[in-house]
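Here the structure is laid out as structure tokens; the discussion comes afterwards.
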Amino acid sequence: MNTLIISTIGSHSALQILYGAKQEGFNTKVYCLRGREELYKRYPVAQEIILLDSYEDLLNLEPANNEIFIPHGTLIATLGKRALDIQIPVFGNKEGMHWEMVRENNLKLLKEANIRTPKSYQPDEIDKLVIVKFPGAKGGLGYFICSSQLEFEQRISEHLSNGLITKEDAKLAQIQEYVVGVTMYPHYFHSVIHERVEMLGIDRRYETNADALGRLSQENYKIDPTYKVVGNQPLIARESLLPEILECGDRLVDAAARLFSPGLLGPFCIEMSITPEEIVAFEFTSRIVAGTTLYTNGSPYSQFLFDENMSMARRIGREIKQAMGQRRLRELLT
Ligand code: ADP
């Protein structure tokens, strides 16, 4: 019987992570902010619920030798670079989280992988539709779309006067070509044990208010899009797109190994937009994404690979079990 404990923070994709770990025979533990534990009582996937007063408390926990922590978006969003200080052994390469967090590095890795990213502009170069992003804007609050330097400057001063951004944010504004395509988020898993990159599912995010704007005529209402994710929808890709989607995952793993050896381990995602001509990537994530919870019972793609109900969380558990069997667990943890 396996006595290893799989733990995570109670939010994001915790239900799936803990359920998948249980399916593979591990004990489970969830770290919850006080007041948020009710969900994990109603869905009993955690054998142990630890209450925290703040996520900072996670950093002070003594490392246990029988616990593996599965990082997800909340760790990065709430602790930023301090997430790297967590003492509990983490599944995957913590260095990847660092590359994910810093927007310039994030794009650098995608470019190193030869994946097309949106073109960047200086204000005086704006000659087509661009999206303007600000640092740390989770969910894109404050982002705006414009198509000339004059419009850019007007919107920046509006944002400054109504306090939506600081002068520092304005200086760091990132101006990107607006990519007119449909978004797709493939869920990859780099298996060190099987020496391969698996694509286990795809989702698209349901973002407010961006996904609500199509209901209004934009001629009558000028509303800035925001991209706060409120849910995820399942998606399969047109089959002829799959080879390129798979190659993007392979190339990202190779590029990451060159830039921060051993690179990306376990789950990762490429946030892409498919235009009529090509695939363009906005960002990569170095850990499990929330959309994987759609496939708690497996996706069409995981079915083709495993012929059993293989969620991303269960896949993590399977990799850990196989690594333990080969005495290679250390290779998967940082
Ligand atoms: P955040 O880091 O705040 O999540 P992102 O840079 O990932 O911000 O952008 C959030 C969303 O904005 C993306 O999921 C996508 O829908 C949209 N987006 C980002 N960059 C572009 C772009 N260059 N063109 C069109 N849409 C974009």
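If you're wondering where the values come from, they're calculated on a predicted model, not measured in any experiment. Order of appearance sets the numbers: ligands from 1, and atoms from 1 within every ligand.
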Point to revise | Nearest-option assignment for atom 1 (P) of ligand 1, heavy atoms, candidates Y227, Y143, Y178 | key: Y143

Check your understanding: Which atoms of ligand 1 have any heavy atom of E271 under 4.0 Å away?
Key -> 7 (O)

Exercise for review: Please collect all ring pair (Phe, Tyr, Trp, His ring centres under 6.0 Å) contacts where either partner lies in residues 67-103, sequence neighbours excluded, each pair once.
Suggested key: H12-H72, W99-F260

Point to revise | Distance filter under 4.0 Å to P118 heavy atoms, resulting ligand 1 atoms | key: 23 (N)

Review point. Just heavy atoms, cut-off under 4.0 Å: does Y185 contact ligand 1 by side chain, backbone, both, or neither?
Key: side chain

Point to revise | Side chains of Q154 and E158, donor plus acceptor under 3.5 Å | key: no

Practice item. Go through ligand 1 atom by atom and flag the ones less than 4.0 Å from a non-hydrogen atom of G140. Key: 3 (O)

Study note, to complete from the structure: Heavy-atom proximity to atom 6 (O) of ligand 1, picking from R205, E283, K133, points to K133

Check your understanding: Out of T285, L252, V289, N93, which one pairs with F268 under the side chain to side chain contact (heavy atoms under 4.5 Å, CB included) rule?
Key -> L252

Under 3.5 Å, which donor-acceptor pairs link side chains of residues 117-124 to any protein atom two or more places apart or in another chain?
none

**Study point:** ligand 1 atoms in contact with R103 (distance to a heavy atom under 4.0 Å)
**Key:** 2 (O)

Check your understanding: Is there a donor-acceptor contact under 3.5 Å linking the side chains of H194 and Q322?
Key -> yes

Check your understanding: Between T296 and S311, do the side chains contain an N or O donor and an N or O acceptor separated by less than 3.5 Å?
Key -> no

Point to revise | ligand 1 atoms in contact with I131 (distance to a heavy atom under 4.0 Å) | key: 21 (C), 22 (C), 23 (N), 27 (C)

Study note, to complete from the structure: Per-atom filter on ligand 1: closer than 4.0 angstrom to a heavy atom of E177 are 22 (C), 23 (N), 24 (N)

Practice item. Examine V179 against ligand 1 and note whether any of their N/O atoms are separated by less than 3.5 Å. Key: yes

Point to revise | Distance-only donor-acceptor check, side chains T292 and Q16, under 3.5 Å | key: yes

